[in-house]
Amino acid sequence: MKDRQEKIAQVIVTAQQMHDIEERIFTAGMPVVALMEKVAGLIARRIQDIYLLSCQQENKGKASLSPSLPPSRVGILTGPGHNGGDALVVARELYFRGYEVLIYCPFSKLKELTSQHLQYNRSLGLPCYDSIEPLQDCDLLIDGLFGFGLERTLTDPVASAINQLNEWDKPIISIDLPSGLHTDTGEVLGTAVRATHTLCLGLWKQGLLQDQALDYVGKAELIDFDIPLADIQAVLENSPSTKRITKTTALSTLPLPRPPVTHKYKEGHLLLICGSRRYSGGAILTGLGARASGVGMLSIAVPESLKSIMVAQLPEALIIGCPETESGAIAQLQLPAKTDLSSFNAIACGPGLTQDASPILQQVLDSTNPLLLDADGLNILAEMETIQTLQKRQKITVLTPHTGEFKRLFPDIPDANHDRVKATREAAAQSGAVVLLKGARTVIANFQGTVWINPESTPALARGGSGDVLTGLIGGLLAQASSKKIFVEEIVATGAWWHSQAAILAAQERTELGVDAHTLTNYLIAVLASTSNKK
Ligand SMILES: NC(=O)C1=CN([C@@H]2O[C@H](COP(=O)(O)OP(=O)(O)OC[C@H]3O[C@@H](n4cnc5c(N)ncnc54)[C@H](OP(=O)(O)O)[C@@H]3O)[C@@H](O)[C@H]2O)[C@@H](O)CC1
Ligand SMILES: Nc1ncnc2c1ncn2[C@@H]1O[C@H](COP(=O)(O)OP(=O)(O)O)[C@@H](O)[C@H]1O
Ligand SMILES: [K+]
């Protein structure tokens with residue numbers, strides 16, 4: 001059972017894939033009407049839980065708590081397809097549980113099953129309106145206008161109705177997806193319902209994990225309705241997969257537990273190349289991120305003038321002071337005697353370098369190490385216009401751009417804001433690198449087309465220096481994994497997950513304003529300790 005839950009939690013589907021899975025279930029003999037009844041029954045129960053919970057929270061300390069709450073008024077927004085059918089079954093169930101139910105349905109042509117449910121609800125005396133105003137006094141709205149069958153831009157009257165109800169500031173629970181969102185890209189098709197909760201049915205829809213959808217999705221959760229794993233596998237096996245990073249997948253790639261007999265060089269040696277006189281903080285934050293990764297040995301190449309400050313901040317690290325340009329950037333890499341780049345298990349290069357450090361980039365590109373490029377490392381790479389040469393590197397390259405850096409690196413990929421999954425997949429295919437596109441829902445792709453999405457994070461991370469911490473953290477994980485058989489892209493995904501989880505914990509304790517990058521580094525180990533204890 002747990003195994004099924006974990007498998008399901010990792011799956012992300014497009015509308016077409018969900019449609020194909022649905023078809024297999026129906027072809028195998030499951031009656032459509034039975035499936036709708038089952039799914040909507042689960043939705044109705046979950047809605048009651050959510051609603052009662054929110055009432056209890058609102059009434060904390062007051063006398064009248066559930067289950068003896070007075071019947072509440074629920075508005076059901078009904079579309080023409082089976083999303084509307086689901087909503088109408090929910091309407092009926094809530095009515096029988098004592099709720100006052102009002103239906104909004106502005107469509108004259110409904111799918112047959114949906115139409116039958118509407119007819120029965122009418123026969124029970126549930127009022128049905130083709131304008132939205134009568135629902136204004138409802139305590140709760142259920143959005144069953146459109147699900148994964150929506151393909152066209154919304155027009156009036158339903159578009160204006162959605163705009164109007166979004167103004168009401170009422171709790172809205174969307175069935176499957178907030179109506180108006182594109183199932184795959186999360187794009188708003190004209191307008192869309194701003195939900196407080198989204199109950200995604202069966203399998204996670206890709207659009208719910210795209211940045212542009214997040215203002216509409218609210219709290220999202222999955223309602224598992226027992227889709228056979230064999231059907232999922234049969235549909236997904238022939239297309240590039242898109243996976244949700246889960247706690248289980250992330251923890252499974254961490255270098256824990258350590259073998260009892262080991263030594264510092266066996267636990268990875270990371271070389272960070274970062275910082276400039278202008279940006280010394282970036283080097284410190286990258287170093288602190290790497291420290292939290294647990295890496296066995298940490299060397300940090302910085303301009304000579306940063307050496308003393310780095311030693312003071314990271315006494316355990318080997319600080320390599322390099323000759324610097326007039327502007328205070330690293331002019332050339334000057335490694336200690338008997339050391340060359342092959343002495344390191346991984347290199348992470350970029351934060352705070354400035355573009356004046358460009359001569360060192362060719363040197364790290366020529367190295368035979370796993371290499372992570374971030375920030376100015378990426379900007380210099382973009383100027384060099386040699387992204388295709390990454391394919392020729394002996395070991396994997398990891399690129400960690402934010403959207404601006406991504407556009408400079410991959411100017412011919414237009415979709416970086418629109419369909420981040422597609423854009424990241426294309427970037428990885430073009431470059432041969434593992435590409436991590438930063439954002440509210442960070443996306444990671446490898447050149448074979450597999451994509452991971454980090455499903456949880458916090459806007460607390462939207463401040464300078466958060467990315468530097470990520471670079472150090474992933475760099476440290478890469479160095480530790482170099483002798484193990486773990487895919488680099490999975491390590492990168494784990495780094496993204498860990499970074500976000502630390503920020504979520506920090507934000508819980510300190511509010512979303514309390515997660516500066518330095519504070520974040522203190523939560524990396526704290527979140528891991530609390531997560532591992534709960535395992
Ligand atoms: N997968 C599963 O296993 C299960 C799925 N289930 C549920 O089914 C849902 C999918 O149902 P669905 O396929 O009927 O599509 P849905 O999202 O209701 O809407 C499409 C309808 O809208 C119409 N239409 C489209 N665009 C329009 C526009 N701009 N303006 C106006 N109309 C527009 C379009 O008709 P058209 O005009 O194109 O002929 C079509 O009739 C899914 O999200 C889930 O809730 C569960 O019940 C059971 C298990
Ligand atoms: N709204 C957000 N929600 C969640 N995470 C975010 C958000 N905005 C930014 N982040 C995360 O914060 C980090 C910012 O990195 P970056 O832009 O490189 O910052 P810097 O270069 O200042 O260190 C990334 O990991 C990104 O995914
Ligand atoms: K919906």
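Reckoned from all heavy atoms, side chains included, excluding hydrogens, waters and symmetry mates. Start at 1 and go down the list; that is how both ligands and their atoms are numbered.
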Closest candidate by heavy atom, reference [atom], pool [options]:
atom                    : options                        : result
atom 25 (O) of ligand 2 : Glu512, His499, His402         : His499
atom 5 (N) of ligand 2  : Gly464, Ser457, Pro401, Gly282 : Ser457
atom 7 (C) of ligand 1  : Val158, Asp86, Thr155, Thr153  : Asp86

**Request:** Using only N, O or S atoms, tell me which atom of Asp143 is closest to the K ion (ligand 3).
**Result:**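 Answer by atom name: O.
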**Asked** For ligand 1, does Asp176 get within less than 4.0 Å through its side chain, its backbone, both, or neither, judged by non-hydrogen atoms?
**Response**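 For Asp176, the contact with ligand 1 is made by the side chain alone.
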**Item:** Region of Leu201 that comes within reach of ligand 1 [heavy atoms, distance under 4.0 Å]
**Value:**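 For Leu201, only side-chain atoms sit under 4.0 Å from ligand 1.
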Which residue owns the protein heavy atom closest to [atom], what's the atom, and how far is it?
atom                    : answer
atom 15 (O) of ligand 1 : Gly149 CA, 3.4 Å
atom 18 (O) of ligand 2 : Lys438 NZ, 2.7 Å
atom 20 (P) of ligand 2 : Gly465 N, 3.5 Å
atom 14 (C) of ligand 2 : Gly467 N, 3.8 Å
atom 13 (O) of ligand 1 : Lys111 NZ, 3.5 Å
atom 27 (O) of ligand 2 : Gly439 O, 2.9 Å
atom 21 (O) of ligand 2 : Asp468 OD1, 4.1 Å
atom 9 (C) of ligand 1  : Asn83 N, 3.6 Å

**Asked** Got a protein heavy atom sitting under 4.0 Å from atom 35 (O) of ligand 1?
**Response**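 Under the 4.0 Å cut-off, atom 35 (O) of ligand 1 has no protein heavy-atom neighbours at all.
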**Item:** atom 38 (O) of ligand 1 protein-contacted (non-hydrogen atom, under 4.0 angstrom)
**Value:**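 Given the 4.0 Å cut-off, atom 38 (O) of ligand 1 counts as touching protein heavy atoms.
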Checking the side chain of [X] only, and the main-chain atoms of [Y] only, is there a donor and an acceptor separated by less than 3.5 Å?
X      : Y      : result
Ser293 : Val295 : yes
Asp231 : Ile21  : no
Thr114 : Gly81  : yes
Thr286 : Gly282 : yes

**Sub-4.0 Å heavy-atom contact, Ala375 with ligand 2** =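 Contact check Ala375 vs ligand 2: negative.
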**Asked** Looking just at side-chain N and O atoms, do Glu187 and Gln212 make a donor-acceptor pair shorter than 3.5 Å?
**Response**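 Note: Glu187 and Gln212 side chains miss the donor-acceptor criterion.
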**Item:** Donor-acceptor pair between Ser276 and Thr354 side chains, under 3.5 angstrom
**Value:**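 Ser276 vs Thr354: no donor-acceptor pair found between side chains.
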**Prompt:** Knowing that exactly one of Asp184, Thr185, Asp419, Asn417 qualifies, which makes a side chain to side chain donor-acceptor pair (under 3.5 Å) with Gln210?
**Reply:**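 So, applying the side chain to side chain donor-acceptor pair (under 3.5 Å) to Gln210 and each of Asp184, Thr185, Asp419, Asn417, only Asp419 qualifies.
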**Request:** Pull out every atom of ligand 1 sitting under 4.0 Å from any heavy atom of Glu22, numbered as shown with elements.
**Result:**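 Those atoms are 1 (N), 2 (C), 3 (O), 4 (C), 5 (C).
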**For Phe146, atoms of ligand 1 separated by under 4.0 Å from a heavy atom** =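 Answer for ligand 1: 17 (O), 19 (O), 22 (O), 24 (N), 27 (C), 30 (N), 31 (C), 32 (N), 33 (C).
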**Which segment of Val469 sits under 4.0 Å of ligand 2 when only heavy atoms are counted** =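 No part of Val469 is near ligand 2 at this cut-off.
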**Asked** Where does Thr442 meet ligand 2, judged by heavy-atom distances below 4.0 Å: at the side chain, the backbone, both, or neither?
**Response**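 It is the side chain that gets close, since no backbone atom is under 4.0 Å.
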**Asked** Has ligand 1 got any nitrogen or oxygen that is less than 3.5 angstrom from a nitrogen or oxygen of Gly147?
**Response**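 Yes, at least one N or O pair falls under 3.5 Å.
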**Request:** Compute the shortest N/O to N/O distance between Met18 and ligand 1 and return yes if it is under 3.5 Å, no if not.
**Result:**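 No - when backbone and side-chain N and O of Met18 are compared with those of ligand 1, no distance drops under 3.5 Å.
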**Message:** Tell me the angle that OG of Ser179 and O of Phe146 form around the K ion (ligand 3), rounded to 10°.
**Reply:**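 Vertex at the K ion (ligand 3): approximately 70°.
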**Item:** At the K ion (ligand 3): angle between Asn83 atom OD1 and Ile175 atom O, to 10 degrees
**Value:**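 OD1 of Asn83 and O of Ile175 make an angle of 80° at the K ion (ligand 3), to the nearest 10°.
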**Message:** Under 3.4 Å from the K ion (ligand 3), is there any N, O or S atom belonging to Leu177?
**Reply:**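 Of the N, O and S atoms in Leu177, at least one lies under 3.4 Å from the K ion (ligand 3), which means yes.
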**Asked** Is the closest heavy atom of Gly202 to ligand 1 under 4.0 Å?
**Response**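 Heavy atoms of Gly202 never come under 4.0 Å of ligand 1.
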